Amino acid sequence: MVKKTGEASRGEQNYDPGSIEEKWQKAWEKEGFYQAKDPPAGGDKAEKFYVLIEFPYPSGAGLHVGHVRSWSAMDAYARKKRMEGFNVLYPIGWDAFGLPAENYAIKNKIHPSVAVSENIASFKRQIKSLGLSFDWNREVNTTDPKYYKWTQWIFLQFLKKGLAYQADVPVNWCPSCKTTLADEEVLPNGTHERCGAKTEKRMRKQWLLAITKYADRLLEDLKTVDYPEMVAQQQVNWIGRKEGINITYQVLGIKYQVECFTTRPDTNFGATFIVLGPEHPFVASLLSSKFNPSTKLRARVQSAKLEEIRTYVEKAKNKSEIERIAEGRKKTGVFTGFYAVNDLNGKKLPIYIGDFVLGHVGTGAVIGVPGHDIRDFEFAKAMDIPIVRVVVGPDGDTSEITKPEQVQEAAGTMVNSEFLDGLDIMAAKEKIMDHIVSKGWGEKVVSYHLRDWVFSRQHYWGEPIPVVYCANCATNKISNFKFQISNIKGKDYAIVPVPEEQLPVELPYLEQYEPATTGESPLATVSDWVNVACPNCGGKARRETDTMPNWAGSNWYYLAYLFANKLGVQSSKSTREENIFKENQEVISYWIPVDIYQGGFEHTTLHLLYSRFVYKFLFDIGVAPAPEPYAKRRSHGIVLGPDGRKMSKSFGNVINPDEIVKKFGADTLRIYEMFMGPFDQTIAWNEASVEGCFRFLKRVWHLGIIKASAEKTSAGLLQKLQKTIKKVGEDIEWMKFNTAVSAMMEFVNDWQDDKEGLSVQDAKQFFLILAPFAPHAAEELFQRIRNQELGIKEKIRQPRLTWRQPAHHNSVHDQKWPEFDASLLVEKEVTIVVQVNGKVRDVFRGQRSEVRGQKTIEQLAKESAKVQKYLEGKKIKKVVYVEGKLINFVTV
RNA sequence: GCUGCGGUGGUGGAAUGGUAGACACAAGGGCCUUAAGAGCCCUCGUCCGUAAAGGACGUGAGAGUUCGACUCUCUCCCGCAGCACCA
């Protein structure tokens, strides 16, 4: 834009974010202003502060205003911490492996590696236009071989410790696309999100990480960290620790025992049946051709009966999610013909198969106590099994249980239970557990909802799992053989880890990266990559073709930032064993734990739990310094479209941050996103309100130029300034960004109303507290006022900015966070509320020195006609007086 | 069903036991302007009262604790999120 000289000065009076924001962004970047300092050997004692945001997945859709919301807020937080003198680390990187990138690539016919680097470039440009104080020097990218070398290394450590293992697990299979699917690709109705075909479950050998081994610690250590209640509770539920007992029941007539897990052994005298899940091993052996019941039993298990069982089990196993939901909680089942015996009372318990019993929960077999468990009740009703009452609830009902609402699940007193009678259920539980254990009928166990983490994907765009399958090693058990064995199509293979010095196992560049129709990863088709010499015996071997899930790279990225520039310095030919974590111990122990980790609620039981697990493992192998990675976790609410719906292309309600920046500037966008509402709450976008924030900045700008040179700030305005400094500081600390902004708005309103305005010194103070929120405007105003100052004193005609060496010492962002003058906070004038029976009847204002003392106030209050009206003819029973605040007359 | 969070003007929200509705948006009116925009000023919970004064009611519903409750306790209703036939 070309301006005539004469207009320049007038032009500069107007707030024009376009003309200042980029200029400052460049200046800050040039100065490396936001680069965190690693602990200097023995020097600098600046306390560290690690602010972490969840690194973005660089999607093709570009930056979302939701990103902006949380990053701006955390940026304000980080900036304030910096101004308080902390050595702040606020890094960013890219979580770029995984399905979304692969799908985006398939859809747009761009290779994922190309798509990712394009998307990163545009994300970067967008992020940089927001003036966020990220330390770009530490950028990491999970798809960079230098990075995933260490993701693979971590996997090998798991393997070494036996915590990575293979098992047959059900996977989602799309019969139409002929590919395995991740859970997130299957819609809740059981169909494939891309093609809409009904998916199936198939068993497949997968890699698993033994997170359940860490369940207790993941649970226990939640007490040592500061997470929002909702997040901590969700993890507790997800881990789902339950103490109970596995009771063994002898099956009558054959040599077989059924184990049932229960948390309610106290009700065991009321047991009338056993139900096995369709996946239970007894069911399988019953149906297998090898099953050969004794002649005596054959009478009971007729082949017709077996057919019935077979049909039921087949049907149950093939039931889709939809069918189960459609059936609701209706119970079905089939009698096996077998009985087991309850050692407690010698009762015969018929054994059923029912699909409400899940194979993976407990022991996959349930002891049925229909009087005291609603599902058991429903099953008993459906199968016509007797119901026995063994607990009397608080309602004292001792009648026969015939209706679901009579089922006594909670608190009560034992009956019909021999030596337990009369006991409270909790006491009974203790007593019977000891009894059963001492008799050898069962053992106390802890069960978890959490299950081991399936760590394989049959997709292209992920970290290759760094192992090799070698048949020779397996058959010949070459030199101190220590490998796990994998049986593939009937043949044994040794699972040979790729030697650490050969990492990374690079993902080969593939033209055809679509999921293969064999159910294998597309990598399986690359024979010159797959076929490899066994690192152990040198013989012919095959690489693992599965890749890691998209969570793998995000498990440790917050550690990678700490030595981002040292990733992959080693030459690939080296034979030296490296351990980048060990080599960077000093840096890691300086920065860890993360002081505040900010991210979405949706990651609570996924990324957040997984990364805690991985970190604990790193701690156990001696490369991480503390038992928990994140000291504090906070989550942000979602930004919805203007229509109150989730932003989505199909609704056409997506707000593009670029457009807001273009129209109003980054500062307005940042302020609005912080002002829109409480940080952890879901809020709909409102463009009109964005304009309000723009108006606020325009006002600040205007006042900063014309009303910031008073000789002395008036007492009233000065006090307001002190209050605002205090409030803004506290609100940032409490992450109440919305009220911090409104406090500044209040102040600016007062500033505007004030005749004289602020003194230069006081105006600077205001720009300091504005700086974390509107970094560009605050910087520009701060520099202008500074130039003005210098100009007056030193007669330097400096048209621009005093950005001199050491440059950033002049920046508003390198000033000390202002302190408020507590003595000025005390209001000279106070308002005393006069209440009669708690209702406000009058209000006094006056000098604090005058309007004080209960006697004085009581006197004043009683003189008020408004108050008299309500006291007339009443006897005052009590007077409540709060100094400087209120007086309340309580009448009879 | 379980767990967690929430319910306050036309709207987003503020108020952590002491004047409910800060701040902002929307709406209405005015000033300025040839006009538009921008900016500035005023009104703005509901009802009664003539506009003022003044009054009554009011934070999902009901009860309780308290001199005093949006705030604490209990019961219920509704909404959101996560988990869910978890034995």
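All of these numbers come straight from a predicted model, not from anything done at the bench. So you know, we letter chains A, B, ... as the sequences are listed, proteins then strands, and number each from 1.
Residue pairs meeting the side-chain hydrogen bond (donor to acceptor under 3.5 Å, both in side chains) criterion with at least one partner in residues 690-699 of chain A, sequence neighbours excluded, are A:R699-A:N749. Residue pairs meeting the salt bridge (charged side-chain N to carboxylate O under 4.0 Å, His left out) criterion with at least one partner in residues 736-748 of chain A, sequence neighbours excluded, are A:K720-A:E746. Sequence neighbours left out, the pairs with a member in residues 673-689 of chain A that pass side-chain hydrogen bond (donor to acceptor under 3.5 Å, both in side chains) are A:K663-A:E687.
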Residues 228-235 of chain A, side-chain donor-acceptor partners within the protein, below 3.5 Å, at least two apart:
from	atom 1	to	atom 2	distance (Å)
A:Q235	OE1	A:R612	NH1	2.6
A:Q235	NE2	A:T604	O	2.9

Residues 885-892 of chain A, side-chain donor-acceptor partners within the protein, below 3.5 Å, at least two apart:
from	atom 1	to	atom 2	distance (Å)
A:N888	OD1	A:N837	N	3.3
A:N888	OD1	A:G838	N	3.0
A:T891	OG1	A:N837	ND2	3.0

For residues 263-277 of chain A, which side-chain N or O atoms pair as donor and acceptor with protein atoms under 3.5 Å away, sequence neighbours left out?
from	atom 1	to	atom 2	distance (Å)
A:R264	NE	A:D266	OD1	3.2
A:R264	NE	A:D266	OD2	3.2
A:R264	NH1	A:E409	O	2.6
A:R264	NH2	A:D266	OD2	3.0
A:T267	OG1	A:R264	O	2.9
A:N268	OD1	A:Y249	OH	3.3
A:N268	OD1	A:N342	ND2	3.4
A:N268	ND2	A:Y249	OH	3.1
A:T272	OG1	A:P386	O	3.1

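Proximity of A:K381 to A:I387: side-chain heavy atoms (C-beta onward) are separated by under 4.5 Å at one or more points.
Residues forming a side-chain hydrogen bond (donor to acceptor under 3.5 Å, both in side chains) with A:T831 (at least two apart in sequence, or on another chain): A:R845. For A:R451, there are no salt bridge (charged side-chain N to carboxylate O under 4.0 Å, His left out) partners at least two apart in sequence or on another chain.
At the phosphate of B:rA15, OP1 or OP2 sits under 4.0 Å from a side-chain N or O atom of A:K736. A:K242 has no side-chain polar atom (N or O) that falls below the 4.0 Å cut-off from OP1 or OP2 of B:rC86. Residue A:Q233 has no polar side-chain atom (N or O) positioned under 4.0 Å from OP1 or OP2 of B:rC83. Dashed line: the shortest gap from a side-chain N or O of A:R699 to OP1 or OP2 of B:rC40 is under 4.0 Å. Between A:R645 and B:rC80 there is no side-chain N or O to OP1 or OP2 distance below 4.0 Å. Side-chain N/O atoms of A:N686 include none lying less than 4.0 angstrom from OP1 or OP2 on B:rG13. Taking only side-chain nitrogens and oxygens, A:R695 comes nearer than 4.0 Å to OP1 or OP2 of B:rC25.
Under the Watson-Crick or G-U wobble criterion, with both distances below 3.5 Å, B:rG28 is paired with B:rC42.
Aromatic ring orientation, A:Y15 versus A:W701: tilted (interplanar angle from 30° to 60°).
Remark: the A:H607 side chain and the A:E54 side chain contain no N/O donor-acceptor pair separated by less than 3.5 Å.
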Atom pairs, protein N/O to nucleotides 5-8 of chain B N/O, distance under 3.5 Å:
none

Write down the protein N/O and nucleotide N/O pairs, taken from nucleotides 67-70 of chain B, whose separation is under 3.5 Å; answer none if there are no such pairs.
from	atom 1	to	atom 2	distance (Å)
B:rC67	OP1	A:K878	NZ	3.3
B:rC67	O2'	A:N888	ND2	3.3
B:rC67	O2	A:N888	ND2	2.4

List, with names and distances, any nitrogen or oxygen atoms from the protein found under 3.5 Å away from nitrogen or oxygen atoms belonging to nucleotides 42-48 of chain B.
none

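When each of A:W238 and A:D373 is assigned the nucleotide of RNA chain B with its nearest heavy atom, A:W238 is the one assigned upstream, toward the 5' end.
Taken residue by residue, residues 263-273 of chain A places heavy atoms nearer than 4.0 Å to RNA chain B at A:T263.
Between the P atom of B:rC86 and the CD atom of A:E378 lies a distance of 10 Å, rounded to the nearest Å.
Among B:rC86, B:rG13, B:rA24, the nucleotide with an atom closest to any side-chain atom of A:H360 is B:rC86.
Applying the 90° criterion around 0 to the glycosidic angle, B:rG55 comes out anti.
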